[in-house]
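Report on one structure; see the data block that follows.
Source: prediction; values computed, not measured.
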Amino acid sequence: MDYKNLSPKDRIILALDVDTIEEARALVKELKNYIGIFKVGLQLFTSVGPEIFKIIKDEGAEVYFDGKFHDIPSTVSKASSNLIKHGVTLFNLNIQGSSKMITTTVKQAKETAKKLGVEDELKILGVTLLTSFGQRTLTEELGVNQNIDDYVIKLAEIAKHTELNGVVATAADAQKIRKICGDDFIIVCPAVRPTWSIVNDQVRVVTPSQAILAGCDYIVIGRPITQAKNKIEAAEMIIAEIEDSMTNHIL
Ligand code: C5P
């Protein structure tokens with residue numbers, strides 16, 4: 001992917017963390033000219049089901065399913081194929097589910113996408129380590145005696161070797177991941193907060209500009225836009241910030 005050619009708008013993934021189809025549809029309708037991709041996560045999906053995918057696509061918008069699959073290879077590969085049958089070609093798996101889980105899924109997903117003629121659109125991402133994890137959780141709770149930064153890089157390497165298209169990772173890890181995994185590898189950065197917004201429950205936040213300058217291709221952002229008084233203005237401010245980082249600095 002030539003990520004230099006992505007427009008600022010297309011680099012924004014909006015988290016549709018609401019409970020109803022009506023709220024989700026209203027957000028997509030209002031923001032589709034300012035946002036590239038709309039993210040359906042567990043909250044919305046468990047409330048309204050797969051119907052939401054069609055609703056977003058009917059608005060002419062792109063879908064990203066953030067289900068962070070983590071199960072035995074057979075279950076994850078079948079669930080992934082079902083997603084593709086629902087028209088979802090961008091989704092993620094938890095890399096900690098192991099390379100066997102990932103390779104089985106990538107193989108079956110490619111076959112399903114090919115049958116449906118959407119092979120070129122298929123992008124499967126790996127979730128490295130949730131930002132809610134710290135060194136203490138990793139080592140004391142899970143018994144992983146590895147430095148957390150090295151552990152994230154190891155997970156990104158697994159993603160690369162198992163032919164995932166990219167990873168979800170923090171901006172702090174993006175530069176290293178880009179170096180190891182190459183220019184074509186997609187890096188999606190969550191926990192993004194513009195300086196003018198409220199941090200909410202996120203930790204280790206970065207600004208849109210910090211994320212882009214660190215080499216991330218996409219940013220995931222929810223409440224700074226969805227809870228803003230003027231959502232379009234909030235999205236426009238983020239677009240302007242991304243544009244500024246892209247034009248004033250060589251990526
Ligand atoms: O509202 P906010 O901008 O905090 O939304 C963040 C979204 O990104 C949520 O949907 C959350 O599930 C997701 N996410 C995250 N941190 C990660 C991975 C995903 O906040 N490390």
Side-chain angles (χ1 to χ4, degrees), residues 1-3 6 13 37 39-42 45 62-133 137-138 142-190 214-218 220:
M1 182 188 54
D2 182 3
Y3 63 93
L6 275 179
I13 299 176
I37 301 171
K39 180 172 91 68
V40 176
L42 294 175
F45 187 76
E62 299 285 328
V63 177
Y64 167 40
F65 181 60
D66 181 18
K68 301 185 179 74
F69 289 155
H70 187 163
D71 209 317
I72 57 169
S74 158
T75 302
V76 172
S77 59
K78 285 173 187 150
S80 299
S81 277
N82 288 343
L83 276 180
I84 299 165
K85 290 175 194 162
H86 282 303
V88 179
T89 49
L90 176 63
F91 57 91
N92 59 32
L93 319 173
N94 198 323
I95 303 167
Q96 290 173 96
S98 85
S99 56
K100 179 85 192 297
M101 179 196 85
I102 302 171
T103 48
T104 310
T105 301
V106 167
K107 187 169 176 282
Q108 176 150 359
K110 279 185 179 167
E111 281 168 19
T112 306
K114 197 172 176 186
K115 271 189 208 148
L116 297 170
V118 292
E119 207 185 3
D120 292 347
E121 291 161 43
L122 183 66
K123 300 271 179 281
I124 311 179
L125 306 177
V127 176
T128 54
L129 200 61
L130 295 174
T131 41
S132 50
F133 272 69
T137 322
L138 189 68
L142 300 182
V144 177
N145 286 316
Q146 194 169 16
N147 171 278
I148 192 165
D149 298 330
D150 296 340
Y151 189 65
V152 169
I153 297 302
K154 182 177 166 170
L155 292 171
E157 282 173 337
I158 293 174
K160 177 78 182 169
H161 294 143
T162 50
E163 291 181 25
L164 286 174
N165 299 97
V167 287
V168 181
T170 62
D173 299 314
Q175 268 168 322
K176 249 194 197 162
I177 293 174
R178 174 71 63 220
K179 225 186 216 166
I180 294 166
C181 299
D183 280 348
D184 288 342
F185 204 63
I186 299 168
I187 304 176
V188 174
C189 175
C216 300
D217 302 299
Y218 298 91
V220 174

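- Within the 4.5 Å cutoff, no side-chain heavy atoms of V40 are placed close to those of D66.
- With sequence neighbours excluded, the residues that form a side chain to side chain donor-acceptor pair (under 3.5 Å) with S74 are K78.
- Scanning both residues, F185 and D217, for their nearest heavy atoms gives O-OD2, 3.4 Å.
- Side-chain contact between L93 and H70 is absent, with no heavy atoms from C-beta onward closer than 4.5 Å.
- Residue pairs meeting the salt bridge (Lys or Arg N to Asp or Glu O under 4.0 Å) criterion with at least one partner in residues 84-109, sequence neighbours excluded, are K107-E111.
- Interatomic distance, N92 CG to F69 CZ, rounded to the nearest 0.5 Å: 8.0 Å.
- Smallest separation of non-hydrogen atoms from V167 and A159: CG1-CB, 3.6 Å.
- Every side chain to side chain contact (heavy atoms under 4.5 Å, CB included) that E62 has, sequence neighbours left out, goes to I37.
- The side chain to side chain contact (heavy atoms under 4.5 Å, CB included) check on E121 picks up T89, V118, with sequence neighbours excluded.
- In terms of the side chain to side chain contact (heavy atoms under 4.5 Å, CB included) criterion, residue partners of K114 (sequence neighbours excluded) are, by chain and number, E119.
- Scanning all heavy atoms of the two residues, the minimum distance from T112 to S81 falls at OG1-OG, 2.7 Å.
- Remark: T104 engages no residue in a side chain to side chain donor-acceptor pair (under 3.5 Å) (not counting sequence neighbours).
- T128 places a side-chain N or O within 3.5 Å of a backbone atom of V168 that can act as its donor or acceptor partner.
- Residue pairs meeting the side chain to side chain donor-acceptor pair (under 3.5 Å) criterion with at least one member in residues 151-165, sequence neighbours excluded, are Q96-Y151, K110-E163.
- By the side chain to side chain contact (heavy atoms under 4.5 Å, CB included) test, L130 is found to be paired with K68, V127, S132, F133, residues two or more places apart in sequence or in another chain being considered.
- The minimum heavy-atom distance linking A169 with P190 is given by the pair O-CD, 3.5 Å.
- The two residues A214 and A171 have their closest heavy-atom pair at CB-O, 3.6 Å.
- Side chains of V76 and Q108 form no contact here, defined as non-hydrogen atoms less than 4.5 Å apart.
- Under the rule for a side chain to side chain donor-acceptor pair (under 3.5 Å), the partners of T170 that lie at least two apart in sequence or sit in another chain are D173.
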